[in-house]
Amino acid sequence: MISDKMKPMMENSSVIRAMFEEGMKMAAVYGKENVYDFSLGNPNVPAPDCVKQAILDILEEEDSTFLHGYMPNAGYEDVRKAVADSLNRRFAMDYGPENIIMTVGAASGLNDILKTILNPEDEVLTFAPFFVEYASYVKNYDGELIVVSPDTETFQPNLEEFEKRICEKTKAVIVNTPNNPTGVVYSEETIRRMAEILERKSGETGHPIVLISDEPYRELVYDGVEVPFIPKFYKDTVVVYSYSKSLSLPGERIGYLAIPKSMTDWETVTAAATIAHRILGSVNAPSLMQRVIMRCVDATSDIGAYEKNRNLLYGSLKEYGFQCIRPEGAFYLFVKSPLEDEGEFCQVCKKHHILVVPGSSFFCPGYVRISYCVSHEQIQRSLPAFRAVAEECGLI
Ligand SMILES: Cc1ncc(COP(=O)(O)O)c(C=O)c1O
């Protein structure tokens with residue numbers, strides 16, 4: 001019954017989801033407090049108070065036909081203006097409401113822009129390790145995802161290989177900074193070099209190469225680190241944003257695309273992306289959440305809570321002998337597997353009731369991802385188990 005295209009997608013489908021179910025089974029057997037599930041990127045910090053207040057106020061104050069009715073496919077004009085103004089204030093840009101399309105989270109934004117620009121067999125480059133859904137999203141439009149191998153010293157993009165892999169067929173590049181799964185923030189130097197390569201290669205191939213900046217973790221940074229705003233460095237950049245992480249609203253499905261005026265044919269691209277949003281079946285982003293964004297446009301949930309988690313978990317794992325880059329953003333640690341086979345290492349962790357995701361799920365075997373968007377107590381409780389894993393793997 002199902003299509004040939006869906007079959008491989010089902011086979012590859014989500015190790016992370018499977019682990020989530022495994023976690024629930026283990027919790028039923030051993031008790032929830034004795035299972036340390038670090039597999040999901042589901043924010044544990046609550047949405048800020050302004051979100052709840054905005055929902056209550058909107059229901060009281062706004063006309064219900066307006067609130068619950070159909071609207072332009074790109075979203076409410078005043079919401080798009082609020083988003084554009086916020087970006088302009090923070091990054092000295094010149095977006096207007098006409099440059100913003102409200103989306104159903106980043107997943108929808110990525111599908112929207114890929115549908116807008118890809119022809120069959122076009123290539124999209126990305127850097128390992130990466131959010132594995134990119135492969136399915138590109139396949140949705142019969143494109144091909146080309147993966148640039150990781151620089152495991154720094155987990156900054158491997159730009160030498162990147163340059164070599166760009167060819168006539170290259171239509172777009174997806175970058176994600178702060179990065180899932182490494183927590184690395186791409187430096188300004190990296191972005192500048194990437195932009196130079198893309199400009200040169202766009203000239204050589206005779207067509208613009210679109211840089212898609214997938215940035216749901218933009219605000220989740222620590223130690224005062226600055227995340228370079230990529231459209232300032234490369235004119236053909238489309239920002240894909242999501243409030244899933246910054247406002248802890250993943251179930252509400254709200255985000256946006258920002259297509260700048262500097263972009264080649266920006267008016268046509270925006271018109272096409274607006275239609276793509278409709279015909280993908282999303283039609284428009286959820287209306288109540290759009291109104292919430294209008295009122296909470298510069299708010300974030302308590303990022304300090306994640307920083308506290310990072311400090312405890314990173315410090316403890318290093319003390320137990322694990323190797324890991326110190327993440328500057330997002331809420332993940334990407335830890336080198338002390339065993340050659342990271343699947344085996346995941347099994348050792350599981351024996352000690354710790355659930356982590358194998359790096360091969362992000363095209364980077366030999367590592368595991370640990371999501372620390374959990375309660376601080378869970379991290380505290382899990383430390384003896386991590387120590388036991390380190391002992392079993394011969395690290396201490
Ligand atoms: C890098 C990255 N991109 C996109 C998404 C999808 O986010 P959303 O919930 O906004 O669809 C995620 C979710 O975890 C992610 O980590």
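When a ligand or atom number is given, it counts from 1 through the structure's own listing order. Excluded from the calculations below are hydrogen atoms, water molecules and symmetry mates; all remaining heavy atoms, backbone and side chain alike, are included.
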More than 12 heavy atoms of other residues, nucleotides or ligands under 6.0 Å from NZ of K81: is that the case?
no
Heavy-atom closest pair (P228 atom, V185 atom, distance to 0.1 Å) is CD-CG1, 4.4 Å
For Y30, I'd like to know if atom OH has over 12 heavy atoms of other residues, nucleotides or ligands within 6.0 Å.
no
CG (D236) and CG (L198) are apart, to the nearest 0.5 Å, by 9.0 Å
Return the residue, atom name and 0.1 Å-rounded distance of the protein heavy atom closest to atom 12 (C) of ligand 1.
F131 CZ, 3.5 Å
If you compare all heavy atoms of T116 against all heavy atoms of A273, which two are closest, and at what distance to 0.1 Å?
OG1-CA, 3.2 Å
Ligand 1 contacted by P250 (non-hydrogen, < 4.0 Å):
no
When rounded to the nearest 0.5 angstrom, what is the spacing between CD1 in I354 and CD in Q378?
9.5 Å
Could you tell me, atom by atom, which parts of ligand 1 come under 4.0 Å of a heavy atom of R253?
8 (P), 9 (O), 11 (O)
Check if K245 has a non-hydrogen atom at a distance under 4.0 Å from any atom of ligand 1.
yes
Side chain or backbone of E133 under 4.0 Å from ligand 1, or both, or neither, by non-hydrogen atoms?
neither
Is it the side chain (CB and beyond), the backbone, both or neither of P216 that lies under 4.0 Å from ligand 1, heavy atoms counted?
side chain
Check whether the side chains of E342 and S360 place a donor and an acceptor atom closer than 3.5 Å, and report yes or no.
yes
Atom 3 (N) of ligand 1: the protein heavy-atom neighbour that sits closest, reported with distance to 0.1 Å
D214 OD2, 2.6 Å
Assess whether atom NZ of K261 is packed by more than 12 heavy atoms of other residues, nucleotides or ligands within 6.0 Å.
yes
Would you call the rings of Y222 and Y372 parallel, tilted or perpendicular if under 30° counts as parallel and over 60° as perpendicular?
tilted
Check for me whether Y243 has a heavy atom closer than 4.0 Å to any atom of ligand 1.
no
Would one find an N or O of Y134, backbone or side chain, under 3.5 Å from an N or O of ligand 1?
no
Below the 3.5 angstrom mark, is there an N/O of A106, backbone or side chain, next to an N/O of ligand 1?
yes
Say whether S108, considering both its backbone and side-chain N or O atoms, lies within less than 3.5 Å of an N or O atom on ligand 1.
no
Contact atoms of ligand 1, heavy-atom distance to S242 under 4.0 Å:
8 (P), 10 (O)
Check ligand 1 against N176 and write out every atom of the ligand that is under 4.0 Å from a heavy-atom position of the residue.
1 (C)
Note: ligand 1 atoms sitting under 4.0 Å from heavy atoms of S244 are 8 (P), 9 (O), 10 (O)
